[in-house]
Structures are given as structure tokens and as C-alpha cells.
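No experiment lies behind these values; they were computed from the predicted model shown. Below, chains carry the letters A, B, ... as their sequence lines are ordered, and counting in each starts from 1. Reckoned from all heavy atoms, side chains included, excluding hydrogens, waters and symmetry mates.
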Amino acid sequence: MPELPEVETIAAALRAAIVGREIAAARCFLPKLLRATEPRDLDDLAGTRILAVRRRGKVLIIEAPPRALLFHLKMTGRFDWENAGLPLAKHTHFVLSFAGSDGELRFRDVRKFGFLRCLPCGAVEACDEIRRLGPEPLDIGPEEFAARLAARKGRLKSVLLDQRVLAGVGNIYADEALHAARLHPLTAAGRLRPDEWGRLRASLRRILAAAIAAGGSSVRDYRSIGGEIGGFQTRHKVYGREGKKCLRCGERIRRIVVGGRATFYCPSCQRKKR
DNA sequence: GCCACTGTTAGCAT
DNA sequence: CATGCTAACAGTGG
């Protein structure tokens, strides 16, 4: 599932593959995938050159001035760099081909929850998908981190998953960060002490950075470009480890549901605050 | 075969 | 407003 480290990994791979190339054509086979974008808007991309590929939260941004392409992979979206002569894999919904290149970029999404949007480069920061995102967890300072999260009423797990509070944290890294910081997922966000906010921020940063360095976590569907799997799934301490021993204290990892999401934690290391 | 489960976000309900 | 629940969809595993 692409969260921040996975989207960052994909952005890096994409950067190497397409920056500097001139777009020959952009074709979409599933109009439902297009958000605030008319199929004919894609015609404007032909003849433009890829200037940059970047990430904001879990959103991937491809800049080809004067237009930009935004992608959200949701759970099962993925990219492949394929020879243009090969048949399209099942569930391929979008293709970007390039001038003077046998390779093309293909987007597929089994569950069709993902979306893409084509808009002017200058409108990216102000568009709905980007504007309502909170700060990047790797950029935010300690004071703002504590202030933003403490202002929330809900449970720590739900607060970490709220993209308006922090951008890019998903189910896996929320659980891993809470375990590293020894905080119970159901703890009310308003009840943490300053040192606990410090622990949580430090844990989250360390885990996200390590996951990026490892190329993300391939738990189920996530692959980087060309099917490459990540390496961080072998270092998960709680996610997906229900019933197994906590690697810190030996207690059995528990699975509960928080806000409709599977949540893994160690009942011994992560005590609930009243 | 059937059903529960998977994870993200929009949209609706509370 | 804030917080919580669920539909959107398709495939996998029990």
C-alpha cells in the first residue's frame, strides 16, 4: 500500500526514467480515473517535456510545463515502465508515451480507487488534493508537531492517519511509529506529555527515513516501477504480526480495529493512558 | 461457493 | 465544526 515511503520510492524511480523526456501522447482508458480533468485536457501534454517528478503526502506530481499531472495510487495503483510494443497488462488505465523512446509509462489499478488530475503547474499547490494536506512529517519541527496533533480530540492512531494533520502517514507506519514510541494507539491525542510528543515525532521520522532507504514496504500489492519490491516489510515490528512475540519485550502482539482500520500493537510496551 | 478482509479517501451521518 | 462510519472496487484466502 503506497504510503509516504512507497510514493517517495516510486517518485525516485520515475524521475530516473522520465525526467527530460518529451511526451508523445497521454491516453486514458478509464474516464472515471480522471478527476476535475476532461479527456481532451490530456491532449495538451503532447509535445511538452517532463521537468520534475515529486511527492506531496501520498500524491505523486509529474511536472511537464505548462501542465502538471497528479496521481493518487490509493491502495492498488502502480506504475510500470514497459516497451510500447508489449500488450497492456490487465487493469491498465493510463499510458504516457514519449518521443523517440520505445519505453512508455503505464498506470494500472486493480480496484480503480486511484485518480489522476491534469492541471496548470501554477495551480498545483492551491488545488484541493494538495491544499488540504497537513505538513510533511519529515519537515515539521517539534513544536508544531506537538501543537498540531495535541489539538485533536481523537485517538492517536486516527490522528496520525488524518492527512489534514500530517501528510503521508498510512496504516503501516502509524502502527510502527506508535510501537517505537511506546504509545497505545487508542490514547487520546490531548493527553500526551511533551516528552511523549517528542518520542512520537522522532520515531516517526526515523521509521519513515529507514523505510525510504529500504525502498518501502511490500506487504500486499505495493511494487515500485517494473514490479520491484521494497525491503522494509521484513523490519516491521508490529504491523501484520498478530500473535507473534513483541521483538522488544516478548509479549504477544494484538490486533484491534480503530476507525475501521486494522491496528497492531504490543499490550505490554504500549500501555494505554487513562 | 460464500464471505470476510484488505487500505485510502470522499461523503454522509452523528 | 469535529469526529466516526462506510461505500467505492476487485482479488485473495479461509
Might you point out which heavy atoms bring Ser101(A) and Trp81(A) nearest each other, and give the distance in Å? OG-CZ2, 4.0 Å
Gly114(A) near the nucleic acid: base, sugar-phosphate alone, or nothing, with a heavy-atom cut-off under 4.0 Å? nothing
In this structure, how many angstroms lie between the P atom of dG4(C) and the NZ atom of Lys157(A), rounded? 13 Å
Is the backbone of Ala150(A) close enough, under 3.5 Å, to the side chain of Arg148(A) for a donor and an acceptor to pair up by distance? no
Inter-nucleotide C1' distance (dA4(B), dT6(C)), Å rounded: 15 Å
For dA10(C), does either OP1 or OP2 sit under 4.0 Å from a side-chain N or O belonging to Lys112(A)? yes
What closest approach, in Å, do Arg235(A) and Ala214(A) show between heavy atoms, and which atom pair accounts for it? NH1-CB, 4.0 Å
Gln163(A) side-chain N/O to dT9(B) phosphate OP1/OP2 under 4.0 Å: yes
Just N and O in the side chain of Lys32(A): are any of them under 4.0 Å from OP1 or OP2 of dC9(C)? no
Heavy atoms of Leu45(A) and Arg67(A) approach each other most closely as CD2-CB, 3.7 Å
Can you tell me the distance, in whole Å, between the CG atom of Leu73(A) and the C1' atom of dC9(C)? 15 Å
Taking only N and O in the side chain of Arg152(A), is any of them less than 4.0 Å away from OP1 or OP2 of dT3(C)? yes
Under 4.0 Å between a side-chain N/O of Lys74(A) and OP1 or OP2 of dC9(C), yes or no? no
Closest to the side chain of Arg132(A), out of dA10(B), dC9(C), dG11(C), is dA10(B)
Check against ring-ring contact (aromatic ring centres under 6.0 Å, His included), Tyr265(A) and His179(A): CA-CA 6 Å; Tyr265(A) 74 103; His179(A) 178 260; 9.7 Å; no
Whole-Å P distance, dT9(B) and dG11(C): 22 Å
To the nearest angstrom, the CZ-C1' distance between Phe113(A) and dA10(C) comes to 8 Å
Whole angstrom is fine here: how far is it from CZ in Arg78(A) over to P in dC9(C)? 22 Å
Are any of His91(A)'s side-chain N or O atoms less than 4.0 Å away from OP1 or OP2 of dG11(C)? yes
Residues passing the side chain to side chain donor-acceptor pair (under 3.5 Å) test with His236(A), sequence neighbours excluded, are Ser217(A)
What does the 5'-to-3' dot-bracket notation of DNA chain C look like when only Watson-Crick and G-U wobble pairs under 3.5 Å count, and pairs to other strands show as |? .|||||||.|||||
Please report the distance, rounded to the nearest Å, between CG in Leu116(A) and P in dT9(B). 16 Å
